[in-house]
Amino acid sequence: MNSSKDQLLALVEANPFITQQALGDALGLSRSAVAGHLAQLVREGRILGRAYVLPSRQPLVCIGGTNLDRKLRSLEAPRMGSSNPARQFESPGGVARNIAENLARLGLPVHLLTAVGRDAAGQALLADLQALGVDCTGSVQAADAPTGSYTAVLDEQGDLMLAMADMALTDRLDSDFIRRCAPQRAAARWLVADLNLPAPALAVLQQEAVTRQQHLVVVAVSVPKMQRLGTSLAGIDLLVLNRTELSALMGDALATDTALNDAWQALRARGLQRLVMSDGAQGVRFSDGDTLSAMAAPKVPRGRMREVTGAGDALSAGIVAALHRQPQDLRAACKLGLSLAALTLQTDATVSRELSPALLA
Ligand SMILES: Nc1ncnc2c1ncn2[C@@H]1O[C@H](COP(=O)(O)OP(=O)(O)O)[C@@H](O)[C@H]1O
Ligand SMILES: O=c1[nH]cc([C@@H]2O[C@H](COP(=O)(O)O)[C@@H](O)[C@H]2O)c(=O)[nH]1
C-alpha cells in the first residue's frame with residue numbers, strides 16, 4: 001500500500017493544477033493534512049512548486065540529444081578513398097539542444113532535458129545553454145561516458161556527404177529518466193522530443209500527452225533512428241521529418257504526390273494529428289487535415305549559402321514557436337519555420353546568431 005504522500009504525488013503528477021481540497025477529497029484527508037504533506041514533498045525536492053504558471057511563461061520542454069558537432073568542409077570537390085584538404089568548424093549540436101537554443105534565442109522560456117558527460121565538452125555545452133537562459137535542471141551528467149559527438153563531412157558547396165553520430169549517452173534518457181523528470185515537465189503545454197530518445201521513453205511521453213492534454217512534437221534525427229518511432233502515433237500532435245526520413249519510415253520511395261498523400265493518410269490512421277515533411281530547397285509539405293499542402297522555401301542566393309547543418313532543427317523550432325502562440329495555425333507556423341531555416345543556411349554555426357525575439361513580433 002502506498003503512503004498518503006506517494007498517493008498524493010501520483011495525483012499531482014496526473015494533474016499539476018489540482019487543488020488541495022480536491023486532493024483531500026480524493027484521499028480522505030483534511031485540507032490542512034494535504035498542505036502538510038505538500039510542504040514536506042517540496043522540502044524533499046519531489047515537488048518543485050505549484051503549477052500556477054502564466055501561459056506565456058510556461059516553459060517549452062525539449063527532450064533529447066546534445067552533441068559537440070564537428071563539420072569538415074572540403075575545399076575542393078572531394079575524392080573518395082583519399083585524404084582531402086578541408087576546414088573544420090565546431091559548434092554545439094544535438095537536435096533537441098539545437099531546437100532549445102533556437103527557441104531561447106527567440107526569447108521563449110525553455111527547459112532542456114538531455115544527457116552530457118562530465119567532460120570538458122559537456123560542461124562547456126551546459127555553460128553555453130545556461131548563458132542562453134535554457135534551464136537544464138534534471139538533465140543527466142554522466143561521469144562514465146563522453147558527451148555525444150557528431151561529425152559531418154561536407155562537400156565544397158556545404159552540402160552533407162556523410163555524418164557519423166556517437167550518442168551512446170542518449171540511451172540513458174530512458175523511460176525511468178522520463179518518469180524521474182516529471183516535475184520538470186509538469187507545467188509544460190508544449191513538449192518537443194527528438195528521436196534520439198529510446199522508443200520506450202517516447203511511448204511514455206505519448207501516453208502522458210494524451211492524459212495531460214499536452215502538445216507533443218516529435219522531431220526525427222536521422223534515417224537509422226526512424227525505427228525508434230513506435231507503431232502507434234497516438235498522443236503525437238506533430239511529427240517533423242525530412243523527405244528521406246519519411247521515405248524510410250514508410251518503406252516507399254514516395255516518388256509521386258499520390259504516394260506522399262497515401263503516406264500521410266497511413267500516419268493519420270496510426271494516430272498522428274499533424275505532419276510537416278521538409279524537402280530541402282523545395283520547402284515543406286504539411287497537413288492537419290485531408291490533404292497535404294506545399295510551401296516553398298525562401299530563396300537563399302548561392303553566394304550566401306554556408307552549410308546545411310541545423311536547417312531542419314531551425315525549421316522545427318520556428319514551427320513550435322509559432323504554434324505555441326497559435327496552436328491551430330500550421331500554415332503560419334511553417335512560414336516562420338522556413339524563414340528560420342533560411343537564416344541557418346547562411347551561417348557555419350548550427351544555430352543562427354541572427355535569431356532574436358523580434359522575429360516573433
Ligand atoms: N538548398 C536549399 N535551399 C533553400 N532552402 C533549403 C535548402 N536546403 C534546406 N533548406 C531549408 O531547410 C529546411 C530543412 O532542410 P531539409 O534538407 O529538408 O532537412 P534536414 O536539414 O533536416 O535534412 C527545408 O525545408 C528548407 O526550408
Ligand atoms: O543521430 C543523430 N544525428 C545527428 C544529430 C544532430 O543533428 C544536427 C543536424 O541536424 P540537421 O539534420 O537539421 O542538419 C546536428 O546538430 C547533430 O548533432 C542528432 O541529434 N542525432
Side-chain angles (χ1 to χ4, degrees), residues 62-71 89-102 112 114-116 121 125 147-155 157-171 173 192-198 219-228 239-248 254 276-286 294-319 333-352:
C62 301
I63 313 171
T66 289
N67 286 337
L68 180 60
D69 285 358
R70 288 191 187 83
K71 297 172 248 188
F89 303 91
E90 272 189 4
S91 82
V95 167
R97 196 220 66 88
N98 293 343
I99 295 174
E101 179 177 344
N102 275 282
L112 174 66
T114 190
V116 293
L125 287 161
T147 298
S149 84
Y150 166 87
T151 304
V153 177
L154 308 168
D155 66 16
Q157 312 279 355
D159 286 326
L160 179 66
M161 297 182 65
L162 176 77
M164 294 287 184
D166 174 356
M167 301 185 68
L169 208 45
T170 46
D171 291 342
L173 304 178
V192 183
D194 75 22
L195 283 180
N196 289 309
L197 293 182
V219 182
V221 301
S222 68
V223 165
K225 288 185 182 170
M226 283 318 293
Q227 65 199 38
R228 300 192 174 194
L239 175 64
V240 185
L241 38 52
N242 67 26
R243 182 185 266 276
T244 48
E245 289 155 351
L246 181 60
S247 183
L254 304 177
V276 174
M277 182 203 78
S278 67
D279 200 4
Q282 303 298 311
V284 292
R285 306 284 180 116
F286 64 97
M295 192 180 289
K299 287 261 171 300
V300 178
R302 246 316 177 200
R304 299 200 57 166
M305 280 277 258
R306 295 297 306 169
E307 56 95 9
V308 292
T309 322
D313 304 337
L315 172 76
S316 301
I319 291 170
C334 288
K335 193 155 181 268
L336 182 67
L338 288 169
S339 60
L340 263 52
L343 285 175
T344 306
L345 293 169
Q346 298 173 56
T347 159
D348 288 319
T350 304
V351 177
S352 167

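We count ligands from 1, going down the list as the structure has it; atoms in each ligand are counted the same way. Heads up: numbering here begins at 1 and tracks the sequence. These numbers were taken from a predicted model, which means no experiment stands behind them.
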Exercise for the section: Please say whether Gly310 places an N or O atom under 3.5 Å from an N or O atom belonging to ligand 2. Expected result: yes
Fill in the blank from the handout: among protein heavy atoms, the one nearest atom 6 (C) of ligand 1 is Leu345 CD1, 3.3 Å
Completion exercise
So the atoms of ligand 2 within less than 4.0 Å of a heavy atom of Gly312 turn out to be 13 (O)
Exercise for the section: For a salt bridge (charged side-chain N to carboxylate O under 4.0 Å, His left out) with Asp348, tell me which candidate from Arg70, Arg306, Lys71 qualifies. Expected result: Arg306
Problem - Test item: Arg285 side-chain N/O and Arg243 main-chain N/O as donor-acceptor pair under 3.5 Å - result: no
Completion exercise
Min over Gly337, Pro301, Ala314, Gly280 of heavy-atom distance to atom 26 (C) of ligand 1 lands on Gly280
Practice task
May I ask whether Ala165 has any heavy atom positioned less than 4.0 angstrom from an atom of ligand 2?
Solution key: yes
Practice task
Before signing off on this row, confirm whether Tyr150 and ligand 2 have an N or O atom pair separated by under 3.5 Å.
Solution key: no
Handout entry: Chi angles and distances behind the side chain to side chain contact (heavy atoms under 4.5 Å, CB included) call for Lys335, Met295
Key = CA-CA 8 Å; Lys335 193 155 181 268; Met295 192 180 289; 4.2 Å; yes
Handout entry: Nearest non-hydrogen partners of Ala297 and Ala281, listed with the distance
Key = CB-O, 3.8 Å
Problem - Protein heavy atom at shortest distance from atom 10 (O) of ligand 2 - result: Asp313 OD2, 3.4 Å
Practice task
Taking atom types as modelled, find out whether Thr350 and Ser91 have a side-chain donor-acceptor pair closer than 3.5 angstrom.
Solution key: yes
Exercise for the section: May I ask you to identify, for Thr350, whether its side chain, its backbone, both or neither come under 4.0 Å of ligand 2 on a heavy-atom basis? Expected result: side chain
Completion exercise
Under 4.0 Å between heavy atoms, the region of Val95 that gets near ligand 2 turns out to be both
Handout entry: Under 3.5 Å: donor-acceptor pair, side chain of Asn196, backbone of Gly64
Key = no
Handout entry: Rounded distance (nearest 0.5 Å) linking atom NZ of Lys225 with atom CG of Leu241
Key = 15.5 Å
Problem - Under 3.5 Å: N/O of Gly93 near N/O of ligand 2 - result: no
Practice task
Would you check whether Met305 reaches within less than 4.0 Å of ligand 1, judged by its heavy atoms?
Solution key: yes
Problem - Nearest non-hydrogen partners of Ala121 and Leu68, listed with the distance - result: CB-CD2, 4.2 Å
Exercise for the section: Specify the protein heavy atom at minimum distance from atom 9 (C) of ligand 2: its residue, its atom name, and the distance to 0.1 Å. Expected result: Thr309 CG2, 3.7 Å
Handout entry: Spatial distance of atom OG (Ser149) from atom CE (Met167) [nearest 0.5 Å]
Key = 9.0 Å
Problem - Min N/O separation Val308 to ligand 1 under 3.5 Å - result: no
Completion exercise
Between the OG1 atom in Thr170 and the CG atom in Asn67, the distance rounded to the nearest 0.5 Å is 8.0 Å
Problem - Contact partition for Arg97 relative to ligand 2, non-hydrogen atoms under 4.0 Å - result: neither
Handout entry: Polar atom proximity, Ala311 to ligand 1 (N or O, under 3.5 Å)
Key = no
Completion exercise
On a heavy-atom basis, the closest approach of Ala342 and Gln346 is O-NE2, 3.0 Å
Practice task
Could you tell me which atoms of ligand 2, counted from 1 in the order shown, lie closer than 4.0 angstrom to a heavy atom of Asn98?
Solution key: 8 (C), 15 (C), 16 (O)
Handout entry: Separation between CD1 of Ile319 and CG of Asn102, rounded to the nearest 0.5 Å
Key = 11.5 Å
Practice task
Name the closest protein heavy atom to atom 27 (O) of ligand 1, giving the residue it belongs to and the distance to 0.1 Å.
Solution key: Leu338 CD2, 3.1 Å
Practice task
Number the atoms of ligand 1 from 1 as they appear, then name those within less than 4.0 Å of a heavy atom of Ser278, with their elements.
Solution key: 14 (C), 16 (P), 18 (O), 19 (O), 25 (O)
Practice task
May I ask whether Val300 has any heavy atom positioned less than 4.0 angstrom from an atom of ligand 1?
Solution key: no
Problem - Proximal atoms of ligand 2 relative to Asp69 (non-hydrogen, under 4.0 Å) - result: 15 (C), 16 (O), 17 (C), 18 (O)
Problem - Location of contacts on Ala341 toward ligand 1, heavy atoms closer than 4.0 Å - result: side chain
Handout entry: Under-4.0 Å protein heavy-atom contact, atom 12 (O) of ligand 2
Key = no
Practice task
State whether the side chain of Glu101 and the backbone N or O of Asn98 hold a donor-acceptor pair below 3.5 Å, judged by distance alone.
Solution key: no
Exercise for the section: Answer yes or no: is there a donor N or O on one side and an acceptor on the other, between the side chain of Gln157 and the main chain of Asp159, under 3.5 Å? Expected result: no
Fill in the blank from the handout: Near Gly312 (heavy-atom distance under 4.0 Å), the atoms of ligand 1 are 14 (C), 21 (O), 22 (O)
Problem - Protein contact of atom 25 (O) of ligand 1 - nearest heavy atom, named by residue and atom, plus distance - result: Gly283 O, 3.0 Å
Exercise for the section: Determine, step by step, whether Leu315 and Leu338 satisfy the side chain to side chain contact (heavy atoms under 4.5 Å, CB included) criterion, reporting the C-alpha distance in whole Å, the side-chain angles of both residues, the deciding distance to 0.1 Å, and the verdict. Expected result: CA-CA 6 Å; Leu315 172 76; Leu338 288 169; 4.0 Å; yes
Handout entry: ligand 2 atoms in contact with Lys225 (distance to a heavy atom under 4.0 Å)
Key = 1 (O), 2 (C), 21 (N)
Handout entry: Sub-4.0 Å atoms of ligand 1 with respect to non-hydrogen atoms of Asn242
Key = 18 (O), 19 (O), 20 (P), 22 (O), 23 (O)
Practice task
Verify, without hydrogens or angle tests, whether Asp194 (side chain) and Val221 (backbone) share a donor-acceptor contact under 3.5 angstrom.
Solution key: no
Exercise for the section: Can you sort out which atoms of ligand 2 are near Asn196, meaning under 4.0 Å from one of its heavy atoms? Expected result: 1 (O), 2 (C), 19 (C), 20 (O), 21 (N)
Exercise for the section: Under 4.0 Å from a heavy atom of Val308: give me the atoms of ligand 2 that qualify, with their elements. Expected result: 14 (O)
